[in-house]
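Right, one structure below, let's go through it.
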Amino acid sequence: ARVRARQEGWVVNRHHQSVHLDAASRFLLPLLDGTHRLPDLTARLRRAVLNGDLLLVDGERQAARADEGACSRIVAHRLARVAESALLVD
């Protein structure tokens with residue numbers, strides 16, 4: 001799933017179900033290999049937004065906020081969604 005997340009907007013979970021990934025989840029999933037801590041994930045996401053490599057969209061409008069608090073909330077929300085979607089393995 002981590003490899004496919006870089007290429008496509010969907011992956012298959014442990015239950016063989018298709019799961020759609022938004023841009024932030026596609027960015028984060030390849031980094032979820034157990035070697036990155038939460039502050040590092042937040043910093044990487046923030047850097048990608050500030051560099052223009054990642055466009056965060058909230059509904060129909062662009063969420064251009066790249067402050068640390070907003071990025072931290074985005075990471076926490078996406079990690080919870082990834083876990084709920086059965087994309088993480090113990």
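The first residue of the sequence shown is numbered 1, and numbering continues consecutively from there. Worth saying up front: this structure is predicted, and the values here are computed from it rather than measured. All heavy atoms count here, side chains included; hydrogens, waters and symmetry mates do not.
- Note: Arg14 CZ to Ser85 OG = 11.0 Å, rounded to the nearest 0.5 Å.
- Within the 4.5 Å cutoff, side-chain heavy atoms of Leu41 are placed close to those of Leu32.
- Using modelled atom types, one finds a donor on one side chain and an acceptor on the other under 3.5 Å when comparing Asp33 with His36.
- Annotation: the span from Leu28 atom CG to Leu54 atom CG amounts to 8.0 Å, rounded to 0.5 Å.
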Working for side-chain contact (heavy atoms from CB on, under 4.5 Å), residues Thr42 and Ile74 = CA-CA 8 Å; Thr42 300; Ile74 289 168; over 6 Å; no
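- Between atom CG of residue Leu38 and atom OG of residue Ser72 there is a gap of 5.5 Å, rounded to the nearest 0.5 Å.
- The main-chain N or O of His15 is found under 3.5 Å from a side-chain atom of Asn13 such that the two form a donor-acceptor pair.
- At most 12 heavy atoms of other shown residues, nucleotides or ligands fall within 6.0 angstrom of atom NE2 in His16.
- Using a 4.0 Å cut-off between charged nitrogen and carboxylate oxygen, Asp22 and Arg78 count as a salt-bridge pair.
- Contact check for Val12 versus Val19: no side-chain heavy atoms found under the 4.5 Å cut-off.
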Test side-chain contact (heavy atoms from CB on, under 4.5 Å) on Leu21 and Arg81 and set out the steps.
-> CA-CA 10 Å; Leu21 299 175; Arg81 185 176 182 281; 4.3 Å; yes
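- Closest of all the heavy-atom pairs between Ala24 and Leu45 is CB-CD1, 4.3 Å.
- Asp40 meets the side-chain hydrogen bond (donor to acceptor under 3.5 Å, both in side chains) test with Arg44; sequence neighbours excluded.
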